[in-house]
Amino acid sequence: MTILKSICIIIAVFLWTGLLAPVQMLVLLAFKEHRHKIPQIYHAGLCRLLQVDVVVSGEMSQERPTLFVLNHISWLDIPIIGKIIPGSFVAKTDVENYPLVGAVSKLQETIFIERTRPSIMGHKGEMQGHLDNGDNLILFPEGTSSNGIILQPFKSSYLALAEREINGQHLPVQPVTIAYSRLRNMSLTRGNMSIVAWVGDEELLAHIWAFLKTGKVTAELRFHKTVTIDDYDSRKTLASDCQLTIAMGLSRVLTGRTEAEET
C-alpha cells in the first residue's frame, strides 16, 4: 500500500507540473509582473502532495527587492521556501540538469552558478539584473546542503550583492532558518534526520523515493531581523552573523523552544 501511495504521489506531481508549467510560460511572455505568483501556487501544491506542513514565524521582509539568506538541508527546501517567499533562487549549476527540477527551476528564473568564488562574482551582473527588476533573491550561502543539525560555514562571497545599492540604499538582507521538526508527529532528531536531509553524494531519486514512503513532515521557516551591510564592518562579518542567527534559530526549533523571534 505504501509503494502504491508513493507511485500515486509521483504521478500527481507530474500532472501538477504539466498543468502549471504552460501557465507560467504564458505569464513570462505576457504578464511578467506576475511571474512569481504561479511558482508560489506550484510550490504550495507540491507541499500538499508531499505531505509537508509549513509553519512560519517572524515577519518576512516586505521590501522589494530583499536578499533572503537561508541554511540548506534538502531538496524539500525548495517547495517549502518557494511556497512562502516570492523570488528567484540562486542554485548550483548541477540543479539545471536534474530531471524535471531543472526545467521547473528555469521557469522560476533561477540563477545557476558554480560554487567557486570567481563564478559567483562573475554572476553578479545577472543577479543585479534581477534586483533592478525588483525581484527578491533566495540564497544558500553554505553552497551545499547540511545534515539538518549543524550548519556548514557561510561563504561571504555569496553575500557580495549586499554591497550593492538599490535606489540609493544597500540591499536588505534577511536571514531565515529552515528546519524540519516532526515526522508523523514524532520529533526529528540526529538519528532520523536523514529521512529529510539530503547530504553529500546521495542519489537524489533514491532519497526522494525513500522520503515518499515515510509520511507527513513538519517544516518550519523562521524569519529573523532584516539587516544591511551598513550594520557590519565587512561582508565576512555579515556572513558570520547571518550564520549565527540562523544556527540559533535551528537550535530553537530542534530543542522545541518557542520564544518569540526577533522581528
Side-chain angles (χ1 to χ4, degrees), residues 35-36 56-73 77-78 80-82 84-93 108-146 150-179 221-252 260-263:
R35 58 193 171 277
H36 297 304
V56 178
S57 60
E59 296 291 334
M60 181 172 65
S61 170
Q62 297 304 310
E63 295 184 72
R64 297 292 180 269
T66 291
L67 179 63
F68 292 95
V69 175
L70 299 99
N71 56 312
H72 191 18
I73 299 172
D77 298 350
I78 306 306
I80 292 165
I81 296 165
I84 303 300
I85 302 177
S88 296
F89 286 91
V90 178
K92 59 184 182 180
T93 52
Q108 194 168 345
E109 301 189 318
T110 296
I111 302 169
F112 299 104
I113 62 172
E114 296 285 352
R115 298 185 206 178
T116 62
R117 186 178 185 278
S119 178
I120 295 166
M121 303 304 286
H123 281 80
K124 286 173 68 176
E126 184 181 357
M127 295 181 191
Q128 184 68 40
H130 278 260
L131 296 174
D132 289 340
N133 288 331
D135 295 344
N136 297 323
L137 291 183
I138 302 164
L139 187 67
F140 303 112
E142 291 168 286
T144 186
S145 54
S146 68
I150 300 174
L151 272 63
Q152 301 285 342
F154 279 17
K155 296 175 174 61
S156 62
S157 56
Y158 278 71
L159 294 174
L161 282 175
E163 298 172 330
R164 297 292 184 93
E165 290 190 357
I166 305 294
N167 298 323
Q169 297 183 327
H170 282 121
L171 180 66
V173 178
Q174 185 165 34
V176 185
T177 298
I178 184 168
L221 282 180
R222 294 195 171 194
F223 289 87
H224 306 285
K225 181 182 178 181
T226 301
V227 297
T228 71
I229 191 69
D230 299 319
D231 300 315
Y232 303 90
D233 57 13
S234 70
R235 192 174 69 221
K236 287 186 176 180
T237 308
L238 168 61
S240 295
D241 188 59
C242 286
Q243 179 178 343
L244 178 60
T245 298
I246 291 171
M248 290 175 63
L250 182 61
S251 175
R252 290 189 182 113
E261 290 291 301
E262 68 266 50
T263 57

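Treat the numbers as computed from the prediction; the structure is a model and nothing was measured.
- Leu139 CG to Phe68 CZ: the interatomic distance, rounded to the nearest 0.5 Å, is 12.0 Å.
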Run the side-chain contact (heavy atoms from CB on, under 4.5 Å) check on Leu67 and Leu131 step by step: do they pass?
-> CA-CA 9 Å; Leu67 179 63; Leu131 296 174; 5.8 Å; no

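- Residues Arg35 and Asn133 meet the side-chain proximity criterion, which asks for heavy atoms closer than 4.5 Å.
- Atom NZ of Lys155 is separated from atom CZ of Arg235 by 13.5 Å, given to the nearest 0.5 angstrom.
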Mind running side-chain contact (heavy atoms from CB on, under 4.5 Å) on Phe140 and Phe89 for me, showing each step along the way?
-> CA-CA 9 Å; Phe140 303 112; Phe89 286 91; 4.2 Å; yes

May I have the step-by-step check of side-chain contact (heavy atoms from CB on, under 4.5 Å) for Gln174 and Asn136, ending in yes or no?
-> CA-CA 11 Å; Gln174 185 165 34; Asn136 297 323; over 6 Å; no

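- Residues Ile84 and Phe223 are in side-chain contact: their nearest non-hydrogen atoms beyond the backbone lie under 4.5 Å apart.
- The structure places CG of Leu70 at 10.5 Å from CG of Leu151, a figure rounded to the nearest 0.5 Å.
- Contacts of Ser146 classified as side-chain hydrogen bond (donor to acceptor under 3.5 Å, both in side chains), with partners at least two apart in sequence or in another chain: none.
- The line from OG1 of Thr66 to CG of Leu171 is 6.5 Å long, rounded to the nearest 0.5 Å.
- Here the side chains of Asp135 and Glu109 are in contact, with some heavy-atom distance below 4.5 Å.
- Between Leu159 and Ile229 the shortest side-chain heavy-atom distance does not fall below 4.5 Å.
- Nearest heavy-atom pair, His72 versus Glu142, reported as atom, atom and distance to 0.1 Å: N-OE1, 2.7 Å.
- Side-chain contact between Thr245 and Lys225: absent, with no pair of heavy atoms (C-beta onward) separated by less than 4.5 Å.
- In plain terms, the two heavy atoms of Ile246 and Pro175 that are nearest each other are CG1-CB, 3.9 Å.
- Between Met248 and His224 the shortest side-chain heavy-atom distance does not fall below 4.5 Å.
- Remark: the backbone N or O of Thr228 is paired with a side-chain donor or acceptor of Asp231 at under 3.5 angstrom.
- With hydrogens and angles ignored, the 3.5 Å screen pairs a side-chain donor or acceptor of Ser61 with a backbone N or O of Glu63.
- Nearest heavy atom pair, residue Leu250 against residue Ala179, reads CD1-CB, 3.5 Å.
- Taking each heavy atom of Leu238 and Ala162 in turn, the nearest pair found is CD2-CB, 3.6 Å.
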Check the pair Ser145 / Ile73 against side-chain contact (heavy atoms from CB on, under 4.5 Å), numbers first and verdict last.
-> CA-CA 5 Å; Ser145 54; Ile73 299 172; 5.8 Å; no

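- Across all non-hydrogen atoms, the minimal contact from Pro86 to His36 is CB-CB, 4.1 Å.
- Within the 3.5 Å criterion, the main-chain N or O of Pro141 finds no donor-acceptor partner in the side chain of Gln152.
- The shortest non-hydrogen separation linking Ser156 to Lys236 is OG-CG, 3.6 Å.
- Among Ile81, Asp77, Val69, the single residue meeting the side chain to side chain contact (heavy atoms under 4.5 Å, CB included) criterion with Ile138 is Ile81.
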